[in-house]
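Accompanying notes for the structure given below.
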Amino acid sequence: MKITDAKVFVGGPGKNYVTLKIYTDQGIYGLGDATLNNRETLPAKYLEDYLIPCLIGMDPRRSEDIWQYFYRSTYFRRGPITMSAIGAIDMALWDIKGKIAGLPVYDLLGGKSRDGALVYAHATGSDLDQLIDSMSYYREQGYTAIRVQCGIPGMPTPGYGIAGKDEDARHYITKYGALPDLEIWDTGKYLRYMPKVFERLRAEFGDELKILHDVHHRLLPREAAAFAKEVEPFDLYWLEDPTPADDQTSLRLIRQHSTVPIAIGEVFNSLWDCRQMIEEELIDFIRIAATYGGGITHVRRIVDLAAIHHVRTGFHGAPSHSPISMAAQAHLNAWAPNFGIQEYLVLGTEACDALFPSDHHYAEGEFHVSDAPGLGVDFDEKEAAKYAYSRGYHPVVRLTDGTMWNY
Ligand code: KDG
Ligand code: MG
């Protein structure tokens, strides 16, 4: 069996999804996702200029060897661009493998460990009342785990993941400007207000609800340790990215002062990036994504390392991931013995479903993986022709005195 061609498509409804399609001489094709949010053209170009020319003629069944070929032959290895491109190829090869076998990918990984995978939604509010309304909406939709981001009184701009006053907080998705928007961040105001938010949410929603919160890399290690200690009584399911992910040693201070579960990893791309925090047991959930994490082959290794250190999965699932990488993660979630939770924002707009038909679906707080052979997602090229690339940027963040800070 041979790979005969591979094409990259960039675009989608309100998103620049980077979709790889690998064709074979047996008529079977595979699909992969290389969407690197706000840098989408780079993995696309990397695939077209460097990886696809080598891929033609390879045997698609040899997915391990192909992974090693691209990883080891890249002298300047790792990083988000390289690993997204390798990840897309890897997903497509697992898709092909499943279609050859007539089995869903989860069966190739070792079979299902569960039927539905717990997911969490994003609730947001420019203030506490709007947040509570947004949370109530998700409770009605059956979610038992909700991430909460709340506007802070007096904060000059809304902040990460927070809807503006006049926006629909129930269906809010971060918008990215054609040039970077400016966000102003005040750590003191955040640290003084957030504990009050959690206290009110517990009073409002009771003890059972799983409450998650994303600090989005904004705190210094000492601030994060003090914050984690202070919010301990509110029994968070996790506190995400309390400090910038670059320095994993700073997590030790948080661990020494608090037992709040820590979730990190959405900006990491390889086992080597995650290794220290997993081996030192500095985190409780690993947030890497199948896309930037080198696909199923590599993320599976990370999941196995995590398992022996009591770390559970909590894969990244921001709206920038196309239904293809969400499907790859759904298969990993169905299999992983140390599955924790999956971030899930309802992608299912009609336009997105038309572009990526599948029977993966959400029901009652869980994501149900498709039983179709392979990844269980298709790609409609006619639909794809409707979309074009449109540049976007993450916001930039400055402190109130103008100092550059972390988005
Ligand atoms: O591209 C950046 C987003 O994926 C990130 O801001 C989303 O932090 C995020 C999350 O937890 O979903
Ligand atoms: Mg995050």
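Start at 1 and go down the list; that is how both ligands and their atoms are numbered.
- In summary, no N, O or S atom of Glu343 is located under 2.8 Å from the Mg ion (ligand 2).
- Both the sub-6.0 Å distance and the 45° axial angle are not jointly satisfied by Lys210 relative to the ring of Tyr143.
- Pairs of residues two or more places apart, or lying in two chains, that qualify as salt bridge (charged side-chain N to carboxylate O under 4.0 Å, His left out) and include a residue from residues 259-273 are Arg78-Asp273, Glu266-Arg287.
- For atom 6 (O) of ligand 1, the closest non-hydrogen atom on the protein side is His216 NE2, 2.7 Å.
- Aromatic rings from Tyr137 and His171 are positioned such that their centres are separated by under 6.0 Å.
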* Just do the side-chain hydrogen bond (donor to acceptor under 3.5 Å, both in side chains) check on Thr259 and Glu232 with the steps written out, would you? => CA-CA 7 Å; Thr259 54; Glu232 224 167 59; 3.2 Å; yes
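- Those atoms of ligand 1 that come under 4.0 Å of a heavy atom in His316, given as number and element, are 4 (O), 7 (C), 9 (C), 10 (C), 12 (O).
- Atoms of ligand 1 lying under 4.0 Å from any heavy atom of His394, numbered from 1 in the order shown and given with element: 1 (O), 2 (C).
- Our summary of the site lists the angle at the Mg ion (ligand 2) between OE1 of Glu266 and OD2 of Asp214 as 170°, to the nearest 10 degrees.
- Counting the atoms of ligand 1 from 1 in the order shown, those under 4.0 Å from a heavy atom of Asp214 are 8 (O), 9 (C), 10 (C), 11 (O).
- Residues Tyr190 and Trp185 place their aromatic rings such that the two centres sit under 6.0 Å apart.
- Relative to atom 3 (C) of ligand 1, the option among Tyr407, Tyr120, Tyr176, Tyr292 with the closest non-hydrogen atom is Tyr176.
- The single protein non-hydrogen atom nearest to atom 7 (C) of ligand 1 is Tyr160 OH, 3.3 Å, given as residue, atom name and distance.
- From the protein, the heavy atom lying nearest to atom 8 (O) of ligand 1 is Glu266 OE2, 2.6 Å.
- Aromatic rings from Tyr407 and His216 are positioned such that their centres are separated by under 6.0 Å.
- Near Asn37, with a cut-off below 4.0 Å to any heavy atom, the atoms of ligand 1 are 1 (O), 2 (C).
- Across Phe315, Tyr17, Tyr292, a single residue satisfies ring pair (Phe, Tyr, Trp, His ring centres under 6.0 Å) together with His321, and that is Tyr292.
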* Would Phe9 and Tyr387 satisfy ring-ring contact (aromatic ring centres under 6.0 Å, His included), going step by step from the backbone distance to the final call? -> CA-CA 9 Å; Phe9 303 81; Tyr387 303 106; over 10 Å; no
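- For a threshold of 3.5 Å applied to N or O pairs, the pair formed by His122 and ligand 1 contains no separation below that value.
- Applying the 4.0 Å criterion to heavy atoms of Arg147 picks out, from ligand 1, the atoms 10 (C), 11 (O), 12 (O).
- Of all protein heavy atoms, the one lying nearest to atom 12 (O) of ligand 1 is Glu343 OE2, 2.5 Å.
- The Mg ion (ligand 2) is closest to atom OE2 of Glu240 (considering only N, O or S atoms).
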